[in-house]
Number of protein chains: 2
Amino acid sequence: MTYQDSLTALADSTRRQIFEHIARAPSAVGPLADQLPVSRPAVSQHLKVLSDAGLLVVEQQGNRRIYAVDTNGLKELRQYLDTLWDDVLGAFADSFEKDD
Amino acid sequence: MTYQDSLTALADSTRRQIFEHIARAPSAVGPLADQLPVSRPAVSQHLKVLSDAGLLVVEQQGNRRIYAVDTNGLKELRQYLDTLWDDVLGAFADSFEKDD
DNA sequence: GCCTATCGTAAGTCATGACTTACCAAGATT
DNA sequence: AATCTTGGTAAGTCATGACTTACGATAGGC
């Protein structure tokens, strides 16, 4: 639910590949597993982690489950990096003051 | 050296705290360890991971080593998220076309 | 109603990595 | 030069988590 969960979720290589696939086009579980070197249950588990992190949303379509990107999670993660970036800029400014 | 290493580096809670401290103000190893619930060697190891990921740079000052944020690593990570974001927007556009 | 397709969950295995203590190297201090 | 400070490295322990196979549950097709 937070940017921290998003970071740990996207830190895993397989999970990142899954997320990138879904980012380009929402998908069901089966097709994702076909394009990856891991089993379908593994993909299911990764999808759960990504969903719990707030990075994906699911839409049940009859038999299948279509996963798509939850923009809120991605937005929160980008905001976190923005604040880090601002902190760094602030630190630079402080160092210039001290150098004088 | 890549955004992937940056993600795994920032996925760890302790490492994230270290990075946030340094983002606000560059620091040596000892002071960092004092503010964290882990030992100094642990901090050293984390700093190595963050440096290898391209997120930190070191400046040797006599006895001490001052760690500061390497903006290149942070920039690369933000760019990666930007491309993801663009992919998602593109996917949305595609879905609208198909819905028509 | 039966069979197939789709997918989540349980249980177990195994590798990775975060942490500790112990040690060593090099600069600063007296 | 002896000592203290600072910090990186080695070795070992332990928990986490990524993966597998086996199973169960639900929806669709014949």
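Here is the naming used below: chain letters follow the sequence lines, and residue numbers restart at 1 for every chain.
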Practice problem: Say whether, by atom type as modelled, one donor and one acceptor occur between the side chain of A:Arg65 and the main chain of A:Gln60 under 3.5 angstrom. | Solution: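 Between the backbone of A:Gln60 and the side chain of A:Arg65 there is no qualifying donor-acceptor contact (under 3.5 Å).
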Self-check item: Donor-acceptor pair, side chain of B:Arg15 and main chain of B:Ala9, under 3.5 angstrom
Solution: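 Yes; at least one donor-acceptor contact below 3.5 Å.
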Atom-to-atom span, [atom1] of [X] to [atom2] of [N] - whole angstrom:
{"X": "B:Gln45", "N": "D:dG12", "atom1": "CD", "atom2": "C1'", "result": "12 Å"}
{"X": "B:His46", "N": "C:dG17", "atom1": "NE2", "atom2": "P", "result": "12 Å"}
{"X": "A:Asp52", "N": "C:dG8", "atom1": "CG", "atom2": "P", "result": "12 Å"}
{"X": "B:Ile66", "N": "D:dG8", "atom1": "CD1", "atom2": "P", "result": "11 Å"}
{"X": "B:Leu7", "N": "C:dG17", "atom1": "CG", "atom2": "P", "result": "14 Å"}
{"X": "A:Leu36", "N": "C:dC7", "atom1": "CG", "atom2": "C1'", "result": "16 Å"}

Exercise. Select base, sugar-phosphate, or nothing to describe what B:Arg64 touches, counting heavy atoms under 4.0 Å on all strands.
Key: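 Answer is sugar-phosphate: B:Arg64 comes under 4.0 Å of backbone atoms only.
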Quiz prompt | Interface with DNA chain C, restricted to residues 12-19 of chain B and to heavy atoms under 4.0 Å | solution =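 Contacts with DNA chain C under 4.0 Å: B:Asp12, B:Thr14, B:Arg15.
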Heavy-atom side-chain contact between [X] and [Y] under 4.5 Å:
{"X": "B:Leu32", "Y": "B:Ile22", "result": "yes"}
{"X": "B:Lys48", "Y": "B:Ser44", "result": "no"}
{"X": "B:Leu50", "Y": "B:Tyr67", "result": "no"}

Base [N] paired with [X] side chain (donor-acceptor, <3.5 Å):
{"X": "B:Arg65", "N": "C:dG27", "result": "no"}
{"X": "B:Gln60", "N": "D:dT6", "result": "no"}
{"X": "A:Gln61", "N": "C:dT6", "result": "no"}
{"X": "A:Asn63", "N": "C:dA5", "result": "yes"}

Quiz item: Looking at A:Tyr67, does any N or O in its side chain come under 4.0 Å of the phosphate oxygens OP1/OP2 on C:dG8?
Solution: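 Yes.
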Quiz item: So, is A:Ser39 close to the D:dT20 phosphate, meaning a side-chain N or O under 4.0 Å from OP1 or OP2?
Solution: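 Yes, such a contact exists.
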Quiz item: Any idea which of D:dT20, D:dG7, C:dT20 is nearest the B:Pro41 side chain?
Solution: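 Of D:dT20, D:dG7, C:dT20, C:dT20 is nearest to the side chain of B:Pro41.
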Quiz item: Side-chain heavy atoms under 4.5 angstrom apart, residues restricted to Ile, Leu, Val, Met, Phe, Trp, Tyr: same cluster for B:Leu55 and B:Val58?
Solution: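 Same hydrophobic cluster.
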Practice problem: Please figure out whether A:Pro37 or A:Arg40 has its closest DNA chain D nucleotide nearer the 5' end. | Solution: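 By nearest-heavy-atom nucleotide position, the 5'-most residue is A:Pro37.
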Quiz item: Quick one: on DNA chain D, does A:Ala42 or B:Leu47 contact a more 5' nucleotide (nearest heavy atom)?
Solution: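 In this pair, the answer is B:Leu47.
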Quiz item: Between A:Arg78 and B:Asp82, is there a side-chain N and carboxylate O pair less than 4.0 Å apart?
Solution: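 Looking at A:Arg78 and B:Asp82, the cut-off is met.
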